[in-house]
2 protein chains.
Amino acid sequence: MIRVMVIDDHDVVRKGLIAYLQTDEEIDVIGEASSGYEGATLVIRDKPDVVLMDLKMENGSGIDATADIMKGHQACKVIILTSFYDDEMLFPALEAGAYSYLLKTAKADDIVSAIKKAYEGERVIEPKVASRMMEGYHKKEAERHDSLTDREMEVLLLIGHGMTNQEISEKLYIGIKTVKTHVSNILSKLDLNDRTQAAVYVHQQKLL
Amino acid sequence: MIRVMVIDDHDVVRKGLIAYLQTDEEIDVIGEASSGYEGATLVIRDKPDVVLMDLKMENGSGIDATADIMKGHQACKVIILTSFYDDEMLFPALEAGAYSYLLKTAKADDIVSAIKKAYEGERVIEPKVASRMMEGYHKKEAERHDSLTDREMEVLLLIGHGMTNQEISEKLYIGIKTVKTHVSNILSKLDLNDRTQAAVYVHQQKLL
DNA sequence: GGCAATATCAGTCTTAAGACTGAGAAGAAA
DNA sequence: TTTCTTCTCAGTCTTAAGACTGATATTGCC
């Protein structure tokens with residue numbers, strides 16, 4: 001039996017996924033969690049063979065949770081499940097220790113298959129995503145140098161929501177001076193003139 | 001038995017949802033579809049009591065599919081399932097004939113409950129969404145009356161390009177004071193706080 | 001003619017933005 | 001250990017933004 005844990009903040013998806021997985025004889029769902037933090041804790045305690053992890057969750061991202069898991073239970077195979085539009089997260093996910101990377105548009109049986117393959121030591125990277133990876137690789141290689149840090153990207157996305165520096169500082173629990181520093185660095189790195197152009201950038205690059 | 005059909009282009013979600021629903025004794029899943037078009041056809045042919053419809057699908061939206069269904073099988077209760085960020089689709093959905101409107105962050109049992117309620121003639125509108133609806137209602141009511149003038153729309157789009165007041169004034173051959181007046185009126189009419197939010201608005205409403 | 005909507009612009013005032021300089025702390029990498 | 005990066009924050013200074021009030025010209029409508 002492959003011991004599996006499902007982490008997804010969408011109750012519908014999680015319960016459904018579990019119900020479907022239970023129909024397979026080789027799979028045993030030993031636990032579930034609705035947040036990355038809770039999930040990481042459970043994984044380290046119960047040490048499942050495979051974890052199905054939603055990438056985007058309200059309380060803490062799947063990336064962070066994956067990184068936490070790898071610290072406490074390195075043998076675990078984390079399969080990232082993601083919706084279509086965040087394939088730019090593939091690299092951070094793999095870097096954090098994710099084993100496979102699937103789109104939610106994948107067939108349900110592909111998920112089951114990916115679990116079994118992961119258990120046997122074979123990675124599955126969604127073809128669509130993999131091809132984009134190759135396209136974007138060289139570009140990003142050049143851009144990466146003077147690219148945004150994690151924190152800066154975080155701030156940039158909040159600007160893309162239309163937030164002021166004050167609001168961002170409250171959201172991130174940091175000083176407004178710090179936010180201003182981040183914003184200045186963002187504008188400088190992306191060669192933009194003001195936050196409005198930054199917001200436009202976010203939407204044109206479909207970062208949101 | 002309540003005869004249910006599930007329409008969702010995410011195979012994981014669909015299969016999972018079905019597997020979960022089948023565990024309920026009162027519910028019988030009689031069909032499924034991975035696109036709105038295919039789903040509408042099946043619904044009209046097999047006439048289920050309740051339809052679970054994903055709002056965002058790759059091939060044709062859930063709104064259109066719902067409208068099609070209501071033309072061919074009006075007694076059908078369509079429950080819209082949606083992710084968190086498209087509550088602006090509530091009105092179009094209800095207009096198209098949707099019966100209930102749930103977020104995917106809802107508990108799995110809430111979905112089951114919503115199906116039973118729909119079958120018995122009771123609507124379920126997600127509270128979070130409903131409250132926003134009330135907020136947005138008057139706004140939209142007022143918006144249609146004194147929506148933006150041609151000139152204001154012109155200015156709004158330039159803001160959406162990331163231009164400053166100075167640049168806009170040069171582009172339109174008018175004084176910067178005039179631009180400021182337009183901007184103030186735009187922000188007031190659209191209930192926004194600053195030009196950054198205006199730029200975000202432009203892109204979210206796909207005006208550019 | 002009178003009326004309403006629109007577009008234009010002035011003046012004043014307050015504040016958020018952003019540039020620039022400098023610097024301390026933590027962590028990773030060499 | 002030293003070095004580098006990142007994240008944090010302070011202080012100063014300049015300017016663009018935006019609110020508010022008020023004014024004039026034009027157009028179309030009743």
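The chains referred to below are lettered A, B, ... by the order of the sequence lines, with proteins before strands, and numbering in each begins at 1. Keep in mind that the numbers below use all heavy atoms, side chains included, and drop hydrogens, waters and symmetry copies.
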Next item on the list: Would you check, one step at a time, whether the test side-chain contact (heavy atoms from CB on, under 4.5 Å) holds for B/Leu52 with B/Asp8?
Entry: CA-CA 8 Å; B/Leu52 281 183; B/Asp8 195 315; over 6 Å; no
Spacing between [X] atom [atom1] and [N] atom [atom2], to the nearest angstrom:
X        : N      : atom1 : atom2 : answer
A/Lys180 : C/dT21 : NZ    : C1'   : 14 Å
A/Met153 : D/dT6  : CE    : C1'   : 15 Å
B/Ile186 : D/dA17 : CD1   : P     : 13 Å
A/Leu148 : D/dC7  : CG    : C1'   : 14 Å
B/Ile159 : D/dA16 : CD1   : P     : 16 Å
B/Asn185 : D/dG18 : CG    : P     : 13 Å

Check: Would you say B/Gln197's side chain and B/Asn193's backbone share a donor-acceptor pair under 3.5 angstrom?
Finding: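 Flag set: sc B/Gln197 to bb B/Asn193 pair under 3.5 Å.
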Next item on the list: Would you check if the side chain of A/Asp11 reaches a backbone N or O of B/Ala108 as a donor-acceptor pair within less than 3.5 Å?
Entry: yes
Under 3.5 Å, which donor-acceptor pairs link side chains of residues 178-188 of chain A to any protein atom two or more places apart or in another chain?
from: A/Thr181; atom 1: OG1; to: A/Lys177; atom 2: O; distance (Å): 3.0
from: A/Ser184; atom 1: OG; to: A/Lys180; atom 2: O; distance (Å): 3.3
from: A/Asn185; atom 1: ND2; to: A/Thr181; atom 2: O; distance (Å): 3.3

Note to self: For the CZ atom of B/Arg151 and the CG atom of B/Leu156, what is their distance to the nearest 0.5 Å?
What the structure shows: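 Output value for this atom pair is 13.5 Å.
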Of all the heavy-atom pairs spanning [X] and [Y], show the shortest one and how long it is.
X       : Y       : result
A/Ile80 : A/Ala98 : CG1-CB, 3.5 Å
A/Cys76 : A/Val43 : SG-CG1, 4.2 Å
A/Ile7  : A/Gly39 : CD1-CA, 3.6 Å
A/Ile69 : A/Val78 : CG2-CG2, 4.2 Å

Please state whether the phosphate of [N], meaning OP1 or OP2, lies under 4.0 angstrom from any side-chain nitrogen or oxygen of [X].
X        : N      : answer
A/Ser184 : C/dG18 : no
A/Thr149 : D/dT5  : no
B/His182 : C/dT6  : no

Checklist line | Side-chain heavy atoms of A/Met53 within contact of A/Ile79, under 4.5 Å | finding: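 They are not in side-chain contact.
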Note to self: Categorize A/Thr181 for me: base, sugar-phosphate, or nothing, with a 4.0 angstrom heavy-atom threshold over every strand shown.
What the structure shows: base
Notebook entry, point to check: Which nucleotide, C/dA7, D/dG18, C/dC9, lies nearest any side-chain atom of B/Thr178?
Noted result: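 The listed nucleotide nearest to B/Thr178's side chain is C/dC9.
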Check: Within a reach of under 6.0 Å around NZ of A/Lys47, are more than 12 heavy atoms found that belong to other residues, nucleotides or ligands?
Finding: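 Above 12, so yes.
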Could you write out each protein N or O paired with an N or O of nucleotides 27-30 of chain C at a distance under 3.5 Å?
none

Notebook entry, point to check: Does the side chain of B/Asp109 come under 3.5 Å of the side chain of B/Tyr20 through a donor N or O and an acceptor N or O?
Noted result: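 Judged by distance alone, the side chains do pair up.
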Margin query: Can a side-chain donor-acceptor contact be found between B/Asp191 and B/Tyr201 if the only test is distance below 3.5 angstrom?
Written below: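 No - no donor-acceptor pair under 3.5 Å links their side chains.
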Next item on the list: Sequence neighbours left out, what passes side chain to side chain contact (heavy atoms under 4.5 Å, CB included) with A/Ile30? Give chain and number order.
Entry: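 If we apply the side chain to side chain contact (heavy atoms under 4.5 Å, CB included) test to A/Ile30, skipping adjacent residues, the hits are A/Arg3, A/Met5, A/Asp28, A/Asp46, A/Pro48.
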Next item on the list: Mind listing the residues from residues 191-198 of chain A sitting with a heavy atom below 4.0 Å of DNA chain C? Number order is fine.
Entry: A/Asp194, A/Arg195
Notebook entry, point to check: Taking five pairs at each end of the helix from C/dG1-D/dC30 to C/dA30-D/dT1, what angle separates the two helix axes (nearest 10°)?
Noted result: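 Between the first-five-pair axis and the last-five-pair axis there is 40°.
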Notebook entry, point to check: In terms of the nearest nucleotide of DNA chain C, which residue is placed more toward the 5' end: B/Lys177 or B/Arg151?
Noted result: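 Nearest nucleotide further toward 5': that of B/Arg151.
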Checklist line | Interface with DNA chain D, restricted to residues 165-176 of chain A and to heavy atoms under 4.0 Å | finding: A/Ile174, A/Gly175
